**Student:** 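My questions will all concern the structure given below.
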Amino acid sequence: VFKGLITSYQTKEHGVTKFNDFFLTEAILHINPSDLEEILKAIESLPTDDECIEKLLEKLNNFTSSYVRDIFFGPDEEPLMKEYLNNFRFKDNFTNIFANQFIILSRLGITKEQFSSSKKTLLKYLKVESDLAWFDLKQFCNFLSIKGDLFEATELVEILKIAVDGDKYGFNKYTDLIEKTAKAISKFYPDYKIDNLKLIQLAILKCSSDNSNNSNYRHLIPLIKVCAENCKEILLNTFEIQLDKKFSSDLYEALLEKADYDYKRKNYFQIYAEHINASKGGRANKYGKRELTDLVFIHFAYILYKLNIDFDRNELQSFTNLNDFEKWLINPPVF
């Protein structure tokens with residue numbers, strides 16, 4: 001029925017023009033998140049009246065407050081709700097509802113004033129919950145990407161703190177939330193800079209295994225753009241120590257793409273080019289119908305054009321066994 005309503009809405013001049021809270025609530029309660037996301041894939045906004053938005057936000061408050069109780073030391077899990085959540089079927093429904101609410105809310109014309117009463121309990125819920133998985137939080141991350149301006153900068157930092165506290169090496173629940181929250185701060189509050197050294201140091205520590213032999217810092221890279229110089233320097237030093245210890249093309253690519261990292265710094269670009277030359281043409285997925293190259297090489301070419309890197313740089317001479325398409329791609333004038 002809900003899919004039919006969406007099809008009707010897409011039928012201009014003949015279909016429905018607004019959605020009410022009844023059908024949106026039914027969608028939140030009963031449709032699997034992946035199915036709901038697919039149904040709404042082509043829809044950026046759902047027109048409703050203010051009364052509908054107020055009712056859905058009230059239901060969000062009911063949802064988050066049902067899980068949280070305030071005790072002397074701060075917010076805590078509600079014991080009765082935790083008991084119910086031992087039932088796997090109930091837990092699955094509960095977490096689906098969380099995800100579905102943000103699939104819907106990210107498409108509504110919510111004002112900052114309307115959302116103001118929802119934030120306090122939502123932050124408490126995120127702080128104490130222990131039942132959501134990364135794919136449940138994914139929809140909240142998307143909400144932050146679209147509607148991050150509904151939060152104040154300090155509230156986004158509070159969400160970042162929650163994610164950092166819960167993060168640990170080999171545990172992917174909070175990686176997207178850390179990355180998307182940092183991007184939301186950069187997008188909606190570009191002048192805001194984080195100068196909390198303890199928070200950044202904790203974020204770094206959480207990315208290493210207990211014996212410190214393995215680390216994964218990729219999801220911290222967007223923090224560089226929202227950090228003050230003191231915190232930014234700590235992050236860059238950490239990433240470079242990791243690259244010196246064991247070069248990772250994934251980490252280096254992410255630095256170039258997401259942090260405006262200077263490719264001329266140290267000799268990393270030379271190592272990167274040599275790594276791509278050694279790994280291209282292997283088991284990487286082929287690019288295009290003609291399969292003229294692979295995605296490893298395409299990504300390298302993308303970096304060249306994104307950063308406007310000179311085609312005549314010495315590092316590009318490292319490549320061997322290039323076909324005509326690849327030669328053209330990384331040096332059109334010479335080709």
Side-chain angles (χ1 to χ4, degrees), residues 34 37-38 41-42 44 134-135 138 141-142 145-146 169-170 172 175-180 182-183 186-187 207 213-225 235-236 238-335:
S34 59
E37 193 174 19
E38 180 64 26
K41 183 169 62 175
E44 292 186 1
W134 69 268
F135 45 82
K138 170 189 168 186
C141 292
N142 292 340
S145 299
I146 299 167
Y169 179 77
N172 68 347
T175 52
D176 278 353
L177 187 56
I178 290 172
E179 187 167 343
K180 291 295 176 63
K183 288 181 177 180
S186 177
K187 177 180 178 180
C207 293
N213 290 335
N214 298 291
S215 301
N216 183 4
Y217 299 116
R218 281 194 64 186
H219 57 290
L220 300 187
I221 289 174
L223 288 172
I224 290 177
K225 287 190 174 182
L235 285 168
L236 285 174
T238 300
F239 300 151
E240 290 182 347
I241 289 170
Q242 179 67 14
L243 289 170
D244 291 336
K245 180 180 177 183
K246 183 179 180 181
F247 185 82
S248 164
S249 62
D250 289 341
L251 177 62
Y252 185 64
E253 283 174 347
L255 276 168
L256 294 176
E257 287 183 56
K258 301 175 182 179
D260 298 330
Y261 185 77
D262 184 3
Y263 71 91
K264 297 176 183 177
R265 187 159 168 161
K266 295 195 174 184
N267 68 330
Y268 296 139
F269 192 69
Q270 177 67 47
I271 300 171
Y272 175 51
E274 292 171 358
H275 174 84
I276 297 300
N277 185 55
S279 57
K280 69 173 286 295
R283 295 183 179 180
N285 292 329
K286 295 296 182 181
Y287 171 78
K289 292 181 180 179
R290 296 179 179 271
E291 297 187 345
L292 294 175
T293 185
D294 54 52
L295 295 184
V296 169
F297 193 79
I298 285 292
H299 202 167
F300 177 80
Y302 166 74
I303 295 291
L304 292 184
Y305 288 94
K306 177 180 171 64
L307 302 181
N308 198 26
I309 295 174
D310 189 347
F311 295 128
D312 295 324
R313 284 194 65 85
N314 290 332
E315 292 90 344
L316 300 185
Q317 307 309 312
S318 302
F319 285 95
T320 57
N321 300 320
L322 298 181
N323 60 38
D324 284 348
F325 176 72
E326 292 166 340
K327 290 176 183 176
W328 165 77
L329 196 59
I330 65 169
N331 202 332
V334 168
F335 182 82

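Throughout, numbering of the chain's residues begins at 1 and tracks the sequence. The model shown is predicted, which means the values in this text are computed figures rather than measured ones.
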**Student:** Is there a side chain to side chain contact (heavy atoms under 4.5 Å, CB included) between K266 and D244 once you walk through the steps?
**Tutor:** CA-CA 10 Å; K266 295 195 174 184; D244 291 336; 3.2 Å; yes
**Student:** Take a 6.0 Å sphere around CG of N267 and say whether it holds more than 12 heavy atoms from other residues, nucleotides or ligands.
**Tutor:** yes
**Student:** Looking at N213, I'd like to know if its CG atom is crowded, meaning that more than 12 non-hydrogen atoms belonging to other residues, nucleotides or ligands lie closer than 6.0 Å.
**Tutor:** yes
**Student:** Is any side-chain N of the basic residue among K225 and D260 closer than 4.0 Å to the acidic one's carboxylate O?
**Tutor:** yes
**Student:** When you compare the side chain of L235 with that of L223, does any pair of heavy atoms fall below 4.5 Å?
**Tutor:** yes
**Student:** Hey, does V334 have a side-chain heavy atom less than 4.5 Å from the side chain of F311?
**Tutor:** no
**Student:** Atom CD1 in I330, atom CG in L322: separation rounded to 0.5 Å?
**Tutor:** 5.0 Å
**Student:** Less than 3.5 Å apart, any donor N or O on the side chain of E240 or Y261 sitting next to an acceptor on the other?
**Tutor:** yes
**Student:** For the atom pair CG (D176) and NZ (K183), what is the distance rounded to the nearest 0.5 Å?
**Tutor:** 9.0 Å
**Student:** Decide if atom CD of Q317 counts as having more than 12 heavy atoms of other residues, nucleotides or ligands within a radius under 6.0 Å.
**Tutor:** yes
**Student:** How close do I276 and V296 get, counting heavy atoms only, and between which atoms?
**Tutor:** CD1-CG1, 3.7 Å
**Student:** Determine the minimum heavy-atom distance between T293 and E326, stating which atoms define it.
**Tutor:** OG1-OE2, 2.6 Å
**Student:** Under 6.0 Å from the ring centre and within 45 degrees of the ring axis: does the NZ or CZ of K280 meet both conditions for the six-membered ring of F297?
**Tutor:** yes
**Student:** Any heavy-atom pair between the side chains of L255 and I224 that's under 4.5 Å?
**Tutor:** yes
**Student:** Which heavy atom in D324 sits nearest to a heavy atom in F335, and how many Å separate them?
**Tutor:** O-CE1, 3.5 Å
**Student:** Would you call E179 and C141 a side-chain contact if the rule is heavy atoms closer than 4.5 Å?
**Tutor:** no
**Student:** Roughly how far, to the nearest 0.5 Å, is OH of Y169 from CG of N216?
**Tutor:** 6.5 Å
**Student:** For R265 and L236, which heavy atoms make the closest approach, and how far apart are they?
**Tutor:** NH1-CD1, 4.3 Å
**Student:** When rounded to the nearest 0.5 angstrom, what is the spacing between NZ in K180 and NZ in K138?
**Tutor:** 8.5 Å
**Student:** Does some side-chain heavy atom of L316 sit less than 4.5 Å from a side-chain heavy atom of L304?
**Tutor:** yes
**Student:** In Å, rounded to the nearest 0.5 Å, how long is the span from CD1 of I146 to NZ of K187?
**Tutor:** 7.5 Å
**Student:** For the OH atom of Y252 and the OH atom of Y263, what is their distance to the nearest 0.5 Å?
**Tutor:** 9.0 Å
**Student:** Donor-acceptor check, side chain of N277 to backbone of T320, threshold 3.5 angstrom: yes or no?
**Tutor:** yes
**Student:** Could you check if a side-chain atom of I309 sits within less than 4.5 angstrom of a side-chain atom of E315, using non-hydrogen atoms only?
**Tutor:** no
**Student:** Regarding Q242 and S248, is there a side-chain donor-to-acceptor distance under 3.5 Å anywhere?
**Tutor:** no
**Student:** Testing the basics here: between F319 and A273, what is the closest heavy-atom pair and its distance to 0.1 Å?
**Tutor:** CZ-O, 3.8 Å
**Student:** Any side-chain heavy atom of N142 within less than 4.5 Å of one from E37?
**Tutor:** yes
**Student:** List the atom of L251, the atom of F239, and the distance in Å for their closest heavy-atom pair.
**Tutor:** CD2-O, 4.1 Å
